[in-house]
Amino acid sequence: MPYLMRNLVIILFSSLFSLSLCYADISLPTPQTKDGMSLLESLKKRASTPGGGFPAGKVSDDELSTILWAASGLNRGKTGWTVPMANGKPPYVRIYVAGEKGVFLYEWEGHYLREITNKDIRADIGMQNFTKRAAYSLIFIPDTNALTDLSPEQANQFRQIAVGAMSQNVYLVAASLKLSARYIHSIKPEVIVQELQLPENSQPIGLMLLGK
Ligand SMILES: Cc1cc2nc3c(=O)[nH]c(=O)nc-3n(C[C@H](O)[C@H](O)[C@H](O)COP(=O)(O)O)c2cc1C
């Protein structure tokens with residue numbers, strides 16, 4: 001093989017190899033969709049874990065998988081979700097999962113995590129000190145490519161309603177799995193936008209702490 005050609009092949013393969021190291025998809029275990037605590041019992045137990053005593057224990061992959069599925073997973077074929085979305089649109093608020101290994105985007109289609117960065121940003125994104133202790137921060141971020149047919153005000157309202165439904169589902173499943181959860185609105189949107197390299201007009205809404 002000529003020298004130039006051989007070098008090109010080496011460069012191509014090493015680029016592909018480093019790309020695959022940078023951006024890893026992580027498959028999630030099948031979520032729990034039956035048995036467990038009854039819905040009414042979960043409602044009785046739903047509560048925000050006090051921030052001051054938020055535990056720093058690990059959340060298992062099985063638990064994370066079930067929480068994410070409850071927050072915006074498919075529950076009826078290819079276009080039905082665990083949360084109501086206006087006009088049956090695909091989830092227009094996305095969940096970014098920040099943990100010790102980095103930040104991952106929850107892809108409801110396929111139920112897996114897509115790596116965005118390998119940096120642990122948990123200590124940087126909340127205004128309150130205790131937020132860094134949670135095993136995961138689920139960050140609710142609108143998809144800026146969605147709801148473009150609506151006025152900015154209506155799109156914003158629909159996004160807030162989606163976050164309400166998603167976070168309540170997380171609260172209920174957290175109660176059922178005996179996990180700790182707390183919705184946090186006091187966040188640092190500009191840090192999140194910068195760390196995740198989101199579009200300038202992206203406005204993270206809030207986050208859900210998850211711990212054990
Ligand atoms: C819209 C909203 C914003 C919140 N923001 C914060 C927050 O920034 N920091 C915090 O520690 N808790 C926050 N919380 C949690 C509330 O303080 C908590 O839900 C409230 O004390 C009621 O407790 P409960 O969820 O156990 O019923 C927020 C809750 C909601 C619904």
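Every number for a ligand or one of its atoms is a count from 1 in the order of the listing.
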Handout entry: Aromatic plane relationship, Trp81 with Trp108 - under 30° parallel, 30 to 60° tilted, over 60° perpendicular
Key = perpendicular
Problem - Region of Phe130 that comes within reach of ligand 1 [heavy atoms, distance under 4.0 Å] - result: side chain
Exercise for the section: Run down the list Ala181, Ser48, Ser186 and name the one with the heavy atom closest to atom 23 (O) of ligand 1. Expected result: Ser48
Handout entry: Result of checking Leu105, Ile26, Leu68 against Val97 for side chain to side chain contact (heavy atoms under 4.5 Å, CB included)
Key = Leu68
Exercise for the section: For atom 20 (C) of ligand 1, state whether the nearest protein heavy atom is under 4.0 Å away. Expected result: no
Handout entry: Atom CG of Asp149 with >12 non-hydrogen neighbours under 6.0 angstrom
Key = yes
Problem - Passing option when Leu210 is tested against Val173, Thr49, Ile67 for side chain to side chain contact (heavy atoms under 4.5 Å, CB included) - result: Ile67
Exercise for the section: Write out the residue and atom name of the closest protein heavy atom to atom 7 (C) of ligand 1, then the distance separating them to 0.1 Å. Expected result: His185 N, 3.5 Å
Problem - Proximal ligand 1 atoms for Ala47, defined as those under 4.0 Å from one of its heavy atoms - result: 26 (O)
Completion exercise
If you scan protein heavy atoms around atom 16 (C) of ligand 1, the nearest is Arg182 NH2, 4.1 Å
Exercise for the section: Considering the heavy atoms of Gln128, write down every atom of ligand 1 situated less than 4.0 Å from one of them. Expected result: 7 (C), 8 (O), 9 (N), 10 (C), 11 (O)
Completion exercise
Among non-hydrogen protein atoms, atom 4 (C) of ligand 1 lies closest to Tyr183 CD2, 3.7 Å
Practice task
May I ask whether Arg46 has any heavy atom positioned less than 4.0 angstrom from an atom of ligand 1?
Solution key: yes
Exercise for the section: Using only heavy-atom distances, determine whether the side chains of Tyr171 and Ser42 contain a donor-acceptor pair under 3.5 Å. Expected result: no
Practice task
Verify the distance criterion only: is there a donor paired with an acceptor across the side chains of Thr66 and Glu63 at less than 3.5 Å?
Solution key: no
